[in-house]
Amino acid sequence: MHKRYQHQDFEGKWQQVWADQKIYDVGERDETKEKEYVLVEWPYPSGNLHVGHWYAFGVPDIYVRFKRMSGKQVLYPMGFDAFGLPAENAAIKRNINPKDWTESNIAYMKQQLLSMGNAFSWDKTTASIDEDYYRWTQWMFTEFFKHDLAFRGVATVNWDPIDNTVIANEQVLADGTSERSGAVVIKKELPQWMLKITNFANELIDDLDSLDWPHFIKEGQRQWIGRSKGAELSFTLSSGDRVAVFTTRIDTLFGVTYLVLAPEHPLIPTLTIINHDEVTTYIATAAQKAEQDRLDATKEKTGVRLEGVTATNPISGEVIPVFVADYVIGSYGTGAVMAVPAHDARDYEFARKFELPIIQVISGTDELPYSGPGQLTNSGSLNGLSIEEATPRIIEKVGANVTETFRLRDWSIGRQRYWGVPIPIVYDPSGQAHPVPLEHLPWRLPTDVDFTPTGEAPLAKSVELKERTERIFGAGWTPEVETMDTFVDSSWYFLRYIDNKNDEIFSSLEKQRQWMPVDTYFGGAEHTTMHVLYSRFWQKALHKLELAVHNEPYLRRFNRGLVLGTDGNKMSKSKGNVIDPDEQVKLVGADTVKMYLAFMGPYTETTTYPWDMGGIAGIRRFLERVNGLVDHIIDTEPRSSTEQLHRAIAKVCNDFNHCKFNTAISALMIYVNHVEKAGLSKASYETFLTILAPLAPHLTEELWATLGHTASIHLESFPEADETYLKADTVTIGVQINGKLRGQLTLPSEADEATARAHLAESEELKGRLERLTITKIIYVPGKILNIIGTEI
RNA sequence: GCCGAAGUGGCGGAAUGGUAGACGCGUGCGACUCAAAAUCGCAUAUCGCAAGGUGUGAGGGUUCGAGUCCCUCCUUCGGCACCA
């Protein structure tokens, strides 16, 4: 008789044993085995594990354990992305140091993570706040600086005019106000530390082709980078200046009826403009314009004509007016646009408002604006040509350059915050920036800082930082006072895991050759563009500087879904629908919680799953039955049980490989349903425990030990299905008449068509129908279907 | 508006172009019990007494055969959003 399933009696015990025996540590690379690097996004140590963490780390753990048992050397590291605003806010609120707060959270969270019973490679852990981590973050930044990949540029930032500080996009609320002060956020041009991600724009798109990622993630990145192929050409102004414009539709050049410059366009201040005051006022208003208005694409277009300035259409020689309007973006393309109101919705709207001529130059419809295919018209000698034919001719005629433009901007990484990696730059007395040399790294975050927000960068108030700079570099030298965006920290953590104790370099080429690239990266959909793109850039930049072996960090990427509350809403304290995983674990055990999350639905779908109390009870019920399975052991099991076992092995193995944990679990349920009735041998019982082990590591370990085993079940090999048991003697197939299902037929599994016909002739079920049928054709797909085509009498 | 994903029972979801609804939840009936819970057994897409129909968002198409492939449309979700 079996013991009751008391998860609380053994889950903690086994977690302790695994930790003591370090059975999940990977140690050095073992070249006799294939490697598998499984990565999950390292968490922010908020101090409390929620269901999302379980979903993010617990379900991939199934895959990890399966691969490990299948003979791979699996690296499944865990660490902490521990810089960031929440620590600063918590510290301000509780009047404690962000470092202490963060470190105590990490310690607590490690304990919680252990309670999940995951097979983490704890010997490879790291955290972004460790000095031997951020030292290298800083060093790589200085290398980028030396190679012009990090630079001081000008970026448009979100400016909070009440707090007088730069705020992040995420802190701008949907209505365009600041999350912090409630002020209406404005755009401001400020000098910023930037990373030259745009240098890699083409590679970041083109190299996606080599990756085994879902289509939608690749498309998301492509769209984010936003490559447009087109042409750049110049218009000559009445002042003699030339204005470059970028267009994807140079074929519509004859339809240009005006030119538009962005308010930020550098040429404007140099021009002699009759209505100078009006233009200046407009530009000032546009610059101060609230984020609120800019967000609203449906708002009416505004602009001012530059009186006294005209431009000449390079192909028609026509003289056209020039406008300044904020619907043209200064930082995209050349910051100037040739307006073709007949074939562009925005230009059309603007032209209607300012009563400008609209000349249709592509035929196809009378409905304007029109952007579909057609022939050129009103285009001089080019009339009648298709868009494709006309494009190269016009390019040649006006001497345009075929070019590409990107939506992607350089990455602005400076933050006026305390709790981050100090940007390792010092300025000499003339204001020239110099990288802090490696011997002085880590360039430590000073502690003598009041980080209460005032609008000034907190590090500017540090006496220690100022004195340190002067002591090391000389009198009059000053430190950079900004810290780095935390996305920088997480752009290379997977490289540190594999060589986390190296003092010489952030990650040796040797270790990279051994472990990189990441084979499977499980993560959240919210990181599709930002983090995944930034870290791809970082990898490419390192590769270019010959500091990284590989050009791409992640071979395979999966985005998981989102677990909702029982009411179908996103879990939130205010809705009171938060499921506390600790409570659930206490109630039903870690194995049940993990298996329930895996059973809810396919893991690699980016969708939502409401938490179902009945569903988790069902999983617990299943594990109770597994616990009692020992009572069904018999000396000689029937062949059906052996067949079912091997079918389950084959199915589970295949499903695990494809991360389809839900159907793998269902296969195991089918097996248990069968052997509870038919009985199973002791050998089969042991085999079953090994295939269940990745899903229920604690229970299977306990049952394994009960059988007298002294070594862990997790060191066993994953069984292989025996082909001879996968084939049944007979097979039941469907019989269709004219494509409609009309009955069934049980045949020997290797039956040929003649045999199938012979069985059909004897079928009582189908007799009546067949008598009324003149058969013209029979389609027989062995093991699948018999379709009889004919005419009914 | 553009890009992407998805629409299957009361619910979560299964289904290499080949018997739609596996598995689980829920529900109903039964067994056990003084009773309830737990557990076990049976049933459970839908219309129909039945024979037999009808069914995977809608409508077309390809095919011997379509949830699956193609076209048009609708709805929901996610991302981007004046990017020339």
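The structure presented is a predicted model; accordingly, all values stated were derived computationally and were not measured. Residue numbers begin at 1 in each chain, while the letters A, B, ... track the order of the sequences.
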Next item on the list: Output yes when a side-chain donor or acceptor of A:His343 lies under 3.5 Å from a complementary backbone atom of A:Val361, and no otherwise.
Entry: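 Such a contact is found between A:His343 side chain and A:Val361 backbone.
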Notebook entry, point to check: Counting only N and O atoms by type, is there a donor-acceptor contact under 3.5 Å from the side chain of A:Asp326 to the main-chain atoms of A:Ala286?
Noted result: no
Identify each atom pair where a protein N or O and an N or O of nucleotides 50-55 of chain B are less than 3.5 Å apart, giving names and distance.
| from | atom 1 | to | atom 2 | distance (Å) |
| --- | --- | --- | --- | --- |
| B:G53 | OP1 | A:Arg742 | NH1 | 3.2 |
| B:G53 | OP1 | A:Arg742 | NH2 | 3.4 |
| B:G53 | OP2 | A:Arg742 | NH1 | 3.2 |

Rounding to an integer number of angstrom, what distance separates [N] and [M] when you compare their [atom1] atoms?
N: B:A38; M: B:U44; atom1: C1'; value: 23 Å
N: B:G41; M: B:C47; atom1: C1'; value: 29 Å
N: B:U75; M: B:G59; atom1: C1'; value: 15 Å

Any salt bridge between [X] and [Y], counting N to O under 4.0 Å?
X: A:Lys301; Y: A:Asp347; answer: no
X: A:Arg757; Y: A:Glu753; answer: yes
X: A:Lys353; Y: A:Glu349; answer: no

Take atom [atom1] of [X] and atom [atom2] of [N], then tell me their distance rounded to the nearest Å.
X: A:Gln223; N: B:G78; atom1: CD; atom2: P; result: 16 Å
X: A:Gln736; N: B:G65; atom1: CD; atom2: C1'; result: 5 Å
X: A:Leu745; N: B:G18; atom1: CG; atom2: C1'; result: 15 Å
X: A:Leu208; N: B:C3; atom1: CG; atom2: C1'; result: 15 Å
X: A:Phe661; N: B:G13; atom1: CZ; atom2: C1'; result: 16 Å

Notebook entry, point to check: Any side-chain N or O of A:Ser228 less than 4.0 Å from the OP1 or OP2 oxygen of B:A84?
Noted result: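 Result: yes.
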Check: Side-chain N or O of A:Arg222 less than 4.0 angstrom from OP1 or OP2 on B:G4?
Finding: no
Item checked: Under the side-chain hydrogen bond (donor to acceptor under 3.5 Å, both in side chains) test, residues paired with A:Gln6 that sit two or more places apart ->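 Scan of A:Gln6 (side-chain hydrogen bond (donor to acceptor under 3.5 Å, both in side chains), adjacent residues dropped) gives none.
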Notebook entry, point to check: Closer to the 5' end of RNA chain B via nearest nucleotide, is it A:Ile789 or A:Gly335?
Noted result: A:Ile789
Next item on the list: Between A:Tyr332 and A:Ala525, just flag the one whose closest nucleotide in RNA chain B comes earlier from the 5' side.
Entry: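 The answer here is A:Ala525.
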Next item on the list: Pull out every residue in residues 562-570 of chain A that has a heavy atom closer than 4.0 Å to any atom of RNA chain B, ordered by number, or say none.
Entry: none
Item checked: Within residues 776-786 of chain A, residues whose heavy atoms come under 4.0 Å of RNA chain B -> A:Ile779, A:Val781, A:Lys784, A:Ile785
Notebook entry, point to check: Among the nucleotides B:G41, B:G12, B:G65, which one has an atom lying closest to any side-chain atom of A:Tyr609?
Noted result: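 The nucleotide sitting nearest to the side chain is B:G12.
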Can you confirm whether the side chains of [X] and [Y] place a donor and an acceptor under 3.5 Å from each other?
X: A:Thr606; Y: A:Asn559; value: no
X: A:Asn569; Y: A:Asn577; value: no
X: A:Glu41; Y: A:His527; value: yes
X: A:Tyr780; Y: A:Asp752; value: no

Note to self: Base, sugar-phosphate or nothing for A:Val735? Non-hydrogen atoms, less than 4.0 Å.
What the structure shows: nothing
Next item on the list: Quick one: label A:Thr529 by what it contacts on the DNA or RNA (base, sugar-phosphate, nothing), any heavy atom closer than 4.0 Å.
Entry: nothing
Check: Can you name the salt bridge (charged side-chain N to carboxylate O under 4.0 Å, His left out) partners of A:Asp729, sequence neighbours left out?
Finding: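 Not a single residue meets the salt bridge (charged side-chain N to carboxylate O under 4.0 Å, His left out) criterion with A:Asp729.
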Next item on the list: Would you give a per-nucleotide map of nucleotides 22-27 of chain B, 5' to 3', where B means the base has a protein non-hydrogen atom under 4.0 Å away, S means only the sugar-phosphate does, and - means neither?
Entry: BBSSS-
